[in-house]
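Once you've had a glance at the structure underneath, I'll fire off some questions.
What you see is a predicted model; the values in this text were computed from it and never measured.
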Amino acid sequence: MSVVMTRGVLFVHSAPTALCPHIEWAIGSVVDKRTDLEWTPQPAAPGMYRAELSWVGPQGTGAMLASALRGWAHLRYEVTEEPSSGVDGGRWSHTPELGIFHAITDVHGNIMVSEDRIRYAYEAGAGDPAAVYHELSLALGEAWDEELEPFRHAAEGAPVRWLHQVG
């Protein structure tokens, strides 16, 4: 039986200096190789650092990376995994205040909300539009997006990924 490979990106949005080598060790234990990230200052949180890693691995590597980093104080990160043969994509977002959020994504990176989750929002709302809105906001991970957005913007000197000959 062959292993189906996929790829994704780990964005460490903010980490204290002391945690950086531990993050590299945790990533290395998942991707089975030494990881030397290029750490740059995070202007949205002075004294914190940011890094990113494009990875290739078996299906489920995104979940393993998110789990390896989950729960560390002062760490903000996101992991994406692209869809692959027979498996939807995924996104994991983590903040110290909110914990971890996971969503299934389509080929374009859009969050896919299941029929059951939508039905739950209707039922929990019991006719109250504000309650339905709240439940759908949770399903989309809006609180995580709001908290992480200032950290997502590339800082001066951050690595830039150039696209070559697309299409």
Side-chain angles (χ1 to χ4, degrees), residues 4 6-16 18-20 22-23 26-27 29-31 37 40-55 57-155 158 161:
V4 177
T6 187
R7 61 185 173 187
V9 181
L10 164 65
F11 300 95
V12 178
H13 293 300
S14 71
L19 199 53
C20 294
H22 300 282
I23 292 168
I27 294 167
S29 70
V30 171
V31 297
L37 299 178
T40 58
Q42 172 53 272
M48 298 286 204
Y49 289 85
R50 61 184 288 142
E52 66 181 65
L53 172 73
S54 294
W55 57 267
Q59 292 172 333
T61 299
M64 291 171 40
L65 286 167
S67 293
L69 300 176
R70 185 175 152 230
W72 289 5
H74 311 295
L75 179 61
R76 290 176 182 85
Y77 66 88
E78 290 181 280
V79 179
T80 64
E81 180 170 317
E82 293 183 6
S84 52
S85 180
V87 177
D88 293 323
R91 185 177 88 184
W92 296 261
S93 303
H94 180 270
T95 73
E97 295 79 20
L98 298 171
I100 197 160
F101 169 79
H102 172 253
I104 301 297
T105 58
D106 68 9
V107 297
H108 304 291
N110 297 306
I111 290 177
M112 306 300 293
V113 179
S114 73
E115 176 183 344
D116 288 339
R117 181 67 183 192
I118 294 170
R119 288 184 192 282
Y120 174 78
Y122 286 150
E123 290 169 9
D128 178 8
V132 173
Y133 176 85
H134 173 74
E135 289 300 326
L136 292 176
S137 175
L138 287 174
L140 291 170
E142 288 181 347
W144 284 263
D145 282 340
E146 288 171 12
E147 188 169 327
L148 290 172
E149 192 59 30
F151 297 92
R152 289 176 176 150
H153 297 287
R161 187 176 299 121

Heavy-atom neighbours of His74 NE2 exceed 12 at 6.0 Å: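 Atom NE2 in His74 is not crowded, with 12 or fewer foreign heavy atoms closer than 6.0 Å.
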Does the side chain of Pro41 reach to within under 4.5 Å of the side chain of Tyr49, using non-hydrogen atoms?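 Yes, close enough: below the 4.5 Å cut-off.
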Salt bridge (charged side-chain N to carboxylate O under 4.0 Å, His left out) contacts in which one or both residues fall within residues 94-107, not counting sequence neighbours: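 Only Arg76-Glu97 qualify under salt bridge (charged side-chain N to carboxylate O under 4.0 Å, His left out).
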Scan for salt bridge (charged side-chain N to carboxylate O under 4.0 Å, His left out) pairs involving residues 81-90, sequence neighbours excluded, and state none if there are none.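 Sorted pair list: Arg7-Glu82.
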Under the side-chain hydrogen bond (donor to acceptor under 3.5 Å, both in side chains) test, residues paired with Ser137 that sit two or more places apart: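 In terms of side-chain hydrogen bond (donor to acceptor under 3.5 Å, both in side chains), with neighbours along the sequence ignored, Ser137 is linked to Glu142.
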What residues form a side chain to side chain contact (heavy atoms under 4.5 Å, CB included) with Asp116, not counting sequence neighbours?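 For Asp116, the residues satisfying side chain to side chain contact (heavy atoms under 4.5 Å, CB included) (neighbours in sequence not counted) are Ser114.
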Verdict with reasoning, Leu10 to Leu69, per side chain to side chain contact (heavy atoms under 4.5 Å, CB included): CA-CA 11 Å; Leu10 164 65; Leu69 300 176; 3.9 Å; yes
Give every residue pair that meets the ring pair (Phe, Tyr, Trp, His ring centres under 6.0 Å) criterion with at least one member in residues 118-144, sequence neighbours excluded.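 Listed once each, the pairs are Phe101-Trp144.
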Find the distance between CZ (Arg152) and CG (Asp145) and round it off to the nearest 0.5 Å.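 If I round to the nearest 0.5 Å, the distance is 4.5 Å.
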Side chains of Leu148 and Phe11: does their closest heavy-atom pair fall under 4.5 Å?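 They are not in contact (no side-chain heavy atoms under 4.5 Å apart), so the answer is no.
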Does the side chain of His22 come within less than 4.5 Å of Trp72's, by heavy atoms?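 The answer is yes; the side chains approach within 4.5 Å.
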Do you know the tightest heavy-atom contact between Leu136 and Ala121?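 Smallest heavy-atom distance, with atoms named: CD2-CB, 3.8 Å.
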Checking Ala66 now: which residues fulfil side chain to side chain contact (heavy atoms under 4.5 Å, CB included) with it, not counting sequence neighbours?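 Scan of Ala66 (side chain to side chain contact (heavy atoms under 4.5 Å, CB included), adjacent residues dropped) gives Tyr77, Val79, Trp92, Ile100.
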Grab the two heavy atoms, one from Met48 and one from Ser14, that are nearest each other, plus how far apart they are.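 Minimum heavy-atom separation between Met48 and Ser14: CB-CB, 4.0 Å.
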Value rounded to 0.5 Å, distance of OG1 in Thr61 from CH2 in Trp55: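 With rounding to 0.5 Å, OG1 (Thr61) is 5.0 Å from CH2 (Trp55).
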Can you find a pair of side-chain heavy atoms, one from Ile27 and one from Leu37, that are under 4.5 Å apart?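 Yes, their side chains come closer than 4.5 Å.
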Restricting to side-chain hydrogen bond (donor to acceptor under 3.5 Å, both in side chains), what partner residues turn up for Glu123, sequence neighbours left out?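 Not a single residue meets the side-chain hydrogen bond (donor to acceptor under 3.5 Å, both in side chains) criterion with Glu123.
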Taking atom CD of Gln42 and atom NE2 of His153, what is their separation to the nearest 0.5 Å?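 Gln42 CD to His153 NE2: 10.0 Å, rounded to 0.5 Å.
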For Gly125 and Ala131, which heavy atoms make the closest approach, and how far apart are they?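 Here Gly125 and Ala131 meet closest at CA-CB, 3.6 Å.
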Would Glu78 and His13 count as having a side-chain donor-acceptor pair, cut-off 3.5 Å?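 Yes, side-chain donor-acceptor contact under 3.5 Å.
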Which residues pass the side chain to side chain contact (heavy atoms under 4.5 Å, CB included) test with Met64, not counting sequence neighbours?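 For Met64 the side chain to side chain contact (heavy atoms under 4.5 Å, CB included) partners, ignoring immediate neighbours, are Val30.
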Over all heavy atoms of both residues, which pair between Ala139 and Ile111 is shortest? Give the atoms and the distance, please.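 Closest heavy-atom pair between Ala139 and Ile111: O-CG2, 4.2 Å.
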I'd like to check the side-chain hydrogen bond (donor to acceptor under 3.5 Å, both in side chains) partners of His94; sequence neighbours left out, ordered by chain and number.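 Per chain and number, His94 pairs via side-chain hydrogen bond (donor to acceptor under 3.5 Å, both in side chains) with no residue.
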For the residue pair Ala44 and Pro150, what are the closest heavy atoms and their distance?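 Shortest heavy-atom separation between Ala44 and Pro150 comes out as CB-O, 3.7 Å.
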Listed by chain and number, what are the salt bridge (charged side-chain N to carboxylate O under 4.0 Å, His left out) partners of Glu146, not counting sequence neighbours?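 Salt bridge (charged side-chain N to carboxylate O under 4.0 Å, His left out) list for Glu146, sorted by chain: empty.
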Minimum side-chain heavy-atom gap Val4-Val87 below 4.5 Å: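 Val4 vs Val87: side chains apart.
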For Gln59, which residues count as a side-chain hydrogen bond (donor to acceptor under 3.5 Å, both in side chains) partner, sequence neighbours excluded?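 For Gln59 the side-chain hydrogen bond (donor to acceptor under 3.5 Å, both in side chains) partners, ignoring immediate neighbours, are Ser84.
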Side chains of Thr105 and Thr80 in contact at under 4.5 Å (non-hydrogen atoms):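 Of all side-chain heavy-atom pairs linking Thr80 with Thr105, none is under 4.5 Å.
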Once you round to the nearest 0.5 Å, how far does CZ of Arg50 lie from CZ of Phe151?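 Answer rounded to 0.5 Å: 10.0 Å.
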